[in-house]
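Read through the structure below, which is laid out as structure tokens, and then see the notes.
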Amino acid sequence: MNAKNKKRNGRATIYEVAAEACVSLATVSRVINGTGNVNDETRALVEKAIDKLGYIPSNIARGLAKSKTTNVAIVLPSPNYNYINNIMAGMFEVCKIYGYSPSVFTYEGIEDVSFVLDNVISSRVDGIVLFNSQLSKEDLAKLSRNSLPMVIIGNDVFQESNGLVDILWSETLRKVLQKRIEN
């Protein structure tokens, strides 16, 4: 049974697009990614097959091929705090602007953080935003070993490595208040 006659279940694959257009997987990939030389006639065949099958490239497959997932991990305490909802909304908007997909990981208590961080590292994200004022030095070292860019909010342990940004709310608040008092 060929791809044209087979009843499809689920999403169309790159293999089905290649079969529909009678071209190689590499040609379909070049058309999708806008790379390499593909003549106009072949490009039109591939684009027609993509439209017909409703093919949408898989970010997971792209991530495996390019070693970049466009996923950002957001690790935070249980999201039932009002201020976290506002922060998350802002982060989701920034992710949308830059074409990243946020993956939210939550923990209930400090004892859960190490387990959650293991899940974050194994999920192949391209960066981490971490809310935690009590991150242990061991957990910070674990994150640093994985060479992921990180933003750590509310942690007093700052190490200059791997693109780490540490936002100290208490210090920032102190400076803002001091400026207000002076003015």
Side-chain angles (χ1 to χ4, degrees), residues 9-15 29 32-33 54-183:
N9 292 324
R11 293 175 49 157
T13 67
I14 192 170
Y15 300 99
S29 178
I32 291 168
N33 295 311
Y55 174 75
I56 299 172
S58 166
N59 284 339
I60 294 171
R62 280 183 168 175
L64 290 172
K66 295 181 177 182
S67 295
K68 183 176 180 185
T69 64
T70 68
N71 283 335
V72 176
I74 300 173
V75 183
L76 52 120
S78 181
N80 56 2
Y81 303 107
N82 286 333
Y83 76 95
I84 289 178
N85 291 332
N86 292 331
I87 292 170
M88 284 176 50
M91 286 190 293
F92 289 169
E93 185 63 29
V94 170
C95 286
K96 182 178 176 183
I97 289 168
Y98 290 101
Y100 280 83
S101 300
S103 298
V104 178
F105 297 81
T106 62
Y107 57 91
E108 291 298 322
I110 197 66
E111 63 279 353
D112 296 336
V113 172
S114 189
F115 174 75
V116 170
L117 293 181
D118 288 341
N119 285 336
V120 168
I121 292 166
S122 68
S123 68
R124 294 184 46 101
V125 296
D126 292 332
I128 302 172
V129 177
L130 175 66
F131 290 79
N132 189 323
S133 60
Q134 300 172 355
L135 187 67
S136 72
K137 289 182 181 182
E138 293 80 18
D139 287 334
L140 185 59
K142 180 190 302 187
L143 289 170
S144 295
R145 282 192 299 272
N146 287 282
S147 301
L148 290 169
M150 293 180 277
V151 175
I152 298 180
I153 300 172
N155 189 297
D156 294 333
V157 181
F158 182 80
Q159 295 178 354
E160 291 185 35
S161 63
N162 301 334
L164 173 64
V165 176
D166 187 10
I167 300 173
L168 298 176
W169 289 41
S170 59
E171 181 64 19
T172 303
L173 182 58
R174 186 188 65 75
K175 287 179 181 179
V176 167
L177 290 174
Q178 187 174 358
K179 282 266 195 203
R180 293 279 185 184
I181 291 170
E182 289 172 4
N183 291 335

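In this structure, the side chains of Phe105 and Ile128 stay at 4.5 Å or more apart for every pair of heavy atoms. Two residues are said to be in side-chain contact when any heavy atoms from C-beta on lie closer than 4.5 Å; Ile32 and Ile14 meet this criterion. Contact of the Phe92 side chain with the Met88 side chain is registered, since non-hydrogen atoms from C-beta on lie closer than 4.5 Å.
Listed here is the closest heavy atom pair of Ile56 and Arg11: O-NH2, 2.9 Å. Residue Tyr55 comes nearest to Thr13 through the heavy atom pair CE1-C, 3.6 Å, listed as atom of the first residue, atom of the second, then distance.
Remark: Ile97 CD1 is packed, more than 12 non-hydrogen atoms of other residues, nucleotides or ligands lying under 6.0 Å away.
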